[in-house]
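Side chains included, hydrogens not; waters and symmetry mates left out as well; all remaining heavy atoms used. Given the structure is predicted, the values throughout are model-derived calculations rather than measurements.
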Amino acid sequence: MTDVKMGSLAAAELAKSYEPASVEAHWSRIWEERGCFTANPNSAREPYCLVLPPPNVTGSLHLGHALTATIQDVLIRWKRMLGFEALWVPGMDHAGIATQMVVERELLATDGKSRQDLGREAFTERVWKWKANYGAKIGEQHRRLGASLDWSRERFTLDSGLSLAVREVFVRLYEEGLIYRAQRLIHWDPELLTALSDLEVENEERDGTLWSIAYPVVGSAERLTVATTRPETMLGDSAIAVHPEDSRYRHLIGKTALLPLLEREIPIIGDAELVDPTFGTGVVKVTPAHDHRDYATGQRHGLPMINIFTERAVVNENGGPYAGLDRFEAREKVLSDLEAQGFLVEAKPYRIPLAVSQRSKSPVEPRLSWQWYVRVAPLAEAALAAVHRGDIRFVPEGWTNTFYAWMNNIHDWCISRQLWWGHQIPAWYPVDSQGQVDWTASTFVVAREAPSQGKWIQDTDVLDTWFSSALWPFSALGWPSETEDLKRFYPNALLETGHDIIFYWVARMVMMGIHFMGKPPFPIVYLHAMVRDEKGEKMSKTKGNVIDPLDIIGGAPAKALPPAIRNRYPEGLPPMGADALRLTLAQSTQQGREIRLSIDRVAGSRAFCNKLWNAARFAMMNLHDWKPTGEPVRGGIFDAWITSRLERTVEAVNQSLEGFDFSAATSAAYQFTWGDFCDWYIEVAKSALQGEDADARRAAQSTLVQCLDRTLRLLHPFIPFITEEIWQRLPISKAEETLATSAYPIFLAMNVDAASEAQVAPVLEVVSAIRVIRSESGIHPAERIFAVVHAEDPAMRSALTQQTAVITRLAGLGEFRAIAPESKPRLAASQVLRGAELFVPLSGIVDLSEERNRLQRELDRSRAEWGSLDRKLSNASFVARAPSEIVDRDRERVAELAGRMKKISANLQNISEVPE
RNA sequence: GGGCGGAUAGCUCAGCGGUAGAGCGUCGCCCUUACAAGGCGAGGGUCACAGGUUCAAAUCCUGUUCCGCCCACCA
């Protein structure tokens, strides 16, 4: 099956069920080899460019990536088929802090070494090896998902081109005064030993304790009691603050207090900003070097900054006897000493806010240090203006306000990290004659290359990963070179990503794009929800509920699955195929902020693929003598009907995609394929295909081929592999070598045929009604029964009579007749239809009490509906105020129901008279 | 402390002014030569709760309760 020759008209026998593995491998290879997804910047087509949000090289892709890839691939394939010059740029992110951390952990686990043991050069070399390994894995995963990325343009945020872009941006922003270096209190990760930006800090609440400590006032018997959640920081206290208006303490301002344990005298100050007199005791200890609010207070009052911690958060020499203890040990010791000396007043349970490093999960320590910053206010202003102007639109639009809220209150962005893996900051410091460097001095130069004169050393810090990804929409297209790609594909058509990185990434791309390219990087930001497990829980390794997309696609034995998944699927996962996963993900997009991925639902999608496969298989089995002549074949009513149904589906799918409603698009296509095409049309077509009438047979063949062709095109963006495989086997003349590069169906009004839809409806209704009677009355499917329809309308009678063969076949009848109403059969199951009555005369085959129950249920149902409508219609204000078409419709319905109830009652009466 | 999302059939979700739909699961009957990963039927919901607006509310407004997320330097 994998070796199908492209363009071959030979309809090779299809396997009985769809086997995705070989088909997928085959087509992802062919598509790539043929350059199906390689964009041409010089074509005359309208450009449509997406950049893939570069996944971190830290590991392999999870379902969130699969979702992103699916949504973007649906869009890009759809647009490509619509005739756009579609470009989807793949890439990966070096993910500085995350990658360095995992490689450090691996290094420790395998070699028992730290990065410091290796040294910077050897360590980064090791990270590059890691990147090569995982980068290849990620690329492979994307291919298996069917992502139609242009691999010839693949980029990495740390490749030489992007490094050039990063340096260019850094130098220019510096020259414009938008990048500066400053000594400030930053968030410090004592485990990873680096500064973090505000965004990389997570605020948690934990159960903790609020301790109250007494500080004796010097030269007085008074004691001031302060409350703190971090008693160990008292070692760095520079003052005690009270509210200046607080009558309880006002007299103490200007005096000093004695710091317990260290016995240092510290001033008592009045500060209205720091102190809320109504909270706690109204007294606050001030530790400027270890708390952001205290830092500001220290600045206001010129207090000394006493740093008590080393970079690893171990107490330093300023901590006197506590030096050498880490922060948690120091807390214990300080507390026990305070208690022993009578300074500990109280300890009560308290929910404490705790700032934790996003990566290491270690509590962050505020730390005074020199860092590089981006002055974001001017950039944010331009970005906000662009969104206000409507140059950038968020989908769903609720995110607009989130964006505004953050941008309006944006702080300068700390971009330097004390890491080894990343873009080294292009700043150089002079080395003096002793070989010494003063890192705190402002004698550095910022430049694209090291200065040629004298001895210089480059800043050892690297840039925040998001600094380079902020440039992605243009750097991935070749900037700062004026490439063809850049001219053609910037701005991108749209940005698709998860809402979790709206601040980290989206906001910064908007700012950088506007600043360096003069226009926003994309007009639309589509933000998808987060993928969670079936219980709505976040997928995480520790919970053991992370599903590898490849395990869904290719299947996995139970023992290969993480515990939580294994519990749920003790048999392991069967292979579902990439298409089934994609279809399910596309279907799930409409939800709020989370998507609970249900594997059962993926199985449903797999069943759909199999259904499609078998529909094609059926077609092929009936097409061996079919030759595409190009001549239009005049078909019957059902040919027009299915063509019309398909056309409405084409319209619905395109419209839904236009509005990013992937859920509606997939369900429209699904319902048509399974409900209309497979359940009805194919069943109907069987008579024509197997009958004597050569014209009818040719018509059915023609319709089959055309509907399949169009349906496969329609479905291709969602399920590219199976559609390509089937399409290749279709005996039609093909303008393109692959379906992936073929034209997408667009709505053709001429194909819509309301008349045939109206004629087919009663046929389907009759068939369904007979089936209900059969099933409810326990008539065996093999039993060839007789059914008769009493219809007033001669047109209806003739329409039904013309379809006698179809009705007979689909309802399993021995005989069918449509006649003018006459007296009811004495012994018959019945069903009231629109404008007709159906009877299935019985000769002892029907359980009469069952039939009576069924009719009674029908009657009750109709009566209930009639009752509520009647009540509504007798309400004068409804008739007066509701739109007339609603009132008319309800009146018609009431009349119809009344007639229906009368008939059902009569039928009920009729069979009730029959003795059992 | 602000802001946002969700609450609809046993499960996963559509619908978002004209009194409810799908898939899976359940229950019948069928191996009808495209498909048992199937066919044909059936059953199943006071649309979280309480008010309000409206002729009409799952759908709009207000409040409440749960679940989840984001932002925020109250010791």
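- With ring centers used as reference points, A/F718 lies 6.0 Å or more from A/F608.
- Across the P atoms, B/rC74 and B/rG17 are found 40 Å apart, a figure rounded to whole Å.
- Using a cut-off of 4.0 Å between Lys/Arg side-chain N and Asp/Glu carboxylate O, A/R206 and A/E204 are scored as salt-bridged.
- Between A/F677 atom CZ and B/rC35 atom C1' the separation is 13 Å, expressed in whole Å.
- A gap of 34 Å separates the P atoms of B/rA42 and B/rG6, to the nearest Å.
- Considering only the side chain of A/K611, B/rC35 comes nearest among B/rA37, B/rA75, B/rC35.
- The pairing partner recorded for B/rC55 is B/rG18, the criterion being a Watson-Crick or G-U wobble arrangement whose two distances lie under 3.5 angstrom.
- Nucleotides B/rU8 and B/rA14 have their C1' atoms positioned 10 Å apart, rounded to a whole Å.
- Counting only heavy atoms from C-beta on, A/Y350 has its side chain closest to B/rA75 among B/rA75, B/rA37, B/rG18.
- Nearest to the side-chain atoms of A/R601 among the listed nucleotides B/rA34, B/rC13, B/rG18 stands B/rC13.
- One interatomic measurement links the two molecules: CG of A/L585 to C1' of B/rG23, which rounds to 15 Å at whole-angstrom precision.
- If you check every strand for non-hydrogen atoms under 4.0 Å, A/E683 touches a base.
- The residues A/R893 and A/E896 are annotated as salt-bridged, a charged nitrogen and a carboxylate oxygen being separated by less than 4.0 angstrom.
- A donor N or O paired with an acceptor N or O is not found under 3.5 Å between the base of B/rA22 and the side-chain atoms of A/Q587.
- For B/rA50, the paired nucleotide is B/rU62, the pair qualifying as Watson-Crick or G-U wobble because both relevant distances are below 3.5 Å.
- Using cut-offs of 30° and 60° on the angle between ring planes, the pair A/F677 and A/Y681 is parallel.
- A straight line from CG of A/L573 to P of B/rA37 spans 17 Å, rounded to a whole angstrom.
- Across all strands shown, A/S667 has no heavy atoms under 4.0 Å from either base or sugar-phosphate atoms.
- Using a 4.0 Å heavy-atom distance criterion, A/F608 is classed as making no nucleic acid contact.
- The listed nucleotides are B/rG39, B/rA37, B/rG18; the one nearest the side chain of A/A882 is B/rG18.
- Taking side-chain N and O atoms only, A/K872 has no distance below 4.0 Å to OP1 or OP2 of B/rC55.
- Within the structure, a side-chain polar atom (N or O) of A/R771 is placed less than 4.0 Å from OP1 or OP2 of B/rG41.
- No engagement by A/T281 is indicated, since no non-hydrogen atom pair under 4.0 Å with the nucleic acid exists.
- Nucleic acid contact class of A/C609 (heavy atoms, under 4.0 Å, all strands): none.
- Nucleotides B/rG15 and B/rA7 place their P atoms 10 Å apart, quoted to the nearest Å.
- Taking the P atom of each, B/rG10 and B/rG5 are spaced 27 Å apart, rounded to whole Å.
- Counting only heavy atoms from C-beta on, A/D276 has its side chain closest to B/rC74 among B/rC74, B/rC35, B/rA37.
- The gap from the P atom of B/rC16 to that of B/rG25 amounts to 27 Å, rounded to the nearest Å.
- Rounded to the nearest Å, the gap between the P atom of B/rA72 and that of B/rU12 is 33 Å.
- Using a 4.0 Å heavy-atom cutoff across all strands shown, A/V772 reaches sugar-phosphate atoms only and no base atom.
- Of the residues in residues 394-411 of chain A, none has a non-hydrogen atom less than 4.0 angstrom from any atom of RNA chain B.
- Residue-level contact check: A/L210 touches neither bases nor backbone, having no heavy atom under 4.0 Å from any strand.
- A donor-acceptor pair shorter than 3.5 Å cannot be found between the side chains of A/R871 and A/S868.
- Under 4.0 Å is where a charged nitrogen must lie from a carboxylate oxygen, and between A/R861 and A/E865 no such pair does.
- Here A/L274 lies in heavy-atom contact (under 4.0 Å) with a base.
- A heavy-atom distance below 4.5 Å is not found between the side chains of A/V364 and A/E200.
- When heavy atoms are screened at a 4.0 angstrom cut-off, A/R617 is found touching the sugar-phosphate backbone but no base atom.
- Between A/R854 and A/V772 there is a side-chain heavy-atom pair separated by less than 4.5 Å.
- Note on A/R184: nothing from the nucleic acid sits closer than 4.0 angstrom, heavy atoms only.
- Between A/R854 and B/rG28 there is no side-chain polar atom (N or O) within less than 4.0 angstrom of OP1 or OP2.
- Contacts of A/P574 with the nucleic acid, taken as non-hydrogen atoms under 4.0 Å apart, are absent.
- The CG atom of A/L583 sits 13 Å away from the C1' atom of B/rA22 (whole-angstrom rounding).
- Counting only heavy atoms from C-beta on, A/N610 has its side chain closest to B/rC35 among B/rC35, B/rA75, B/rA14.
- Across the strands present, B/rA42 finds its partner in B/rU26; the criterion is a Watson-Crick or G-U wobble pair with both atom distances under 3.5 angstrom.
- With distances taken from any side-chain atom of A/L199 to the nucleotides B/rC71, B/rA37, B/rA34, the minimum falls on B/rC71.
- For A/K16 against B/rC35, no side-chain N or O and base N or O form a donor-acceptor pair under 3.5 Å.
- When the C1' atom is used for both B/rA9 and B/rC47, the distance is 10 Å, rounded to whole Å.
- Comparing B/rA75, B/rC29, B/rA34 by their closest approach to the side chain of A/A615 singles out B/rA34.
- In this structure, the ring of A/W399 has its center no less than 6.0 angstrom from the ring center of A/F394.
- Two residues, A/S775 and A/N875, neighbour RNA chain B, and the one matched to the more 5' nucleotide by heavy-atom proximity is A/S775.
- At distances below 3.5 Å, at least one donor-acceptor pair connects side-chain atoms of A/N622 with backbone N or O atoms of A/F618.
- Below 30°, between 30° and 60°, or above 60°: for A/F503 and A/W406 the angle between ring planes is below 30°, a parallel geometry.
- As a whole-Å value, the separation of A/D291 CG from B/rC74 P is 10 Å.
- A/D679 comes within 4.0 angstrom of sugar-phosphate atoms only, judged by non-hydrogen atoms across all strands, and of no base.
- Nucleotide B/rG68: paired with B/rC4 (Watson-Crick or G-U wobble, both distances less than 3.5 Å).
- As judged by a 4.0 angstrom heavy-atom cut-off over every strand, A/W674 is placed among residues touching the sugar-phosphate backbone only.
- If you take CZ of A/R230 and C1' of B/rA75, they are 13 Å apart, rounded to a whole angstrom.
- Residues A/W680 and A/I642 fail the side-chain proximity criterion, which asks for heavy atoms closer than 4.5 Å.
- OP1 and OP2 of B/rC29 both lie 4.0 Å or more from every side-chain N or O belonging to A/R774.
- Along RNA chain B, the nucleotide closest to A/R889 and the one closest to A/R351 are compared, and the more 5′ of them pairs with A/R889.
- Here the nucleotide nearest the side chain of A/F503, chosen from B/rA72, B/rC70, B/rA34, is B/rC70.
- As a whole-Å value, the separation of A/Q358 CD from B/rC71 P is 9 Å.
- Picking from B/rC24, B/rA75, B/rA34 the nucleotide with the shortest atom distance to the side chain of A/T228 gives B/rA75.
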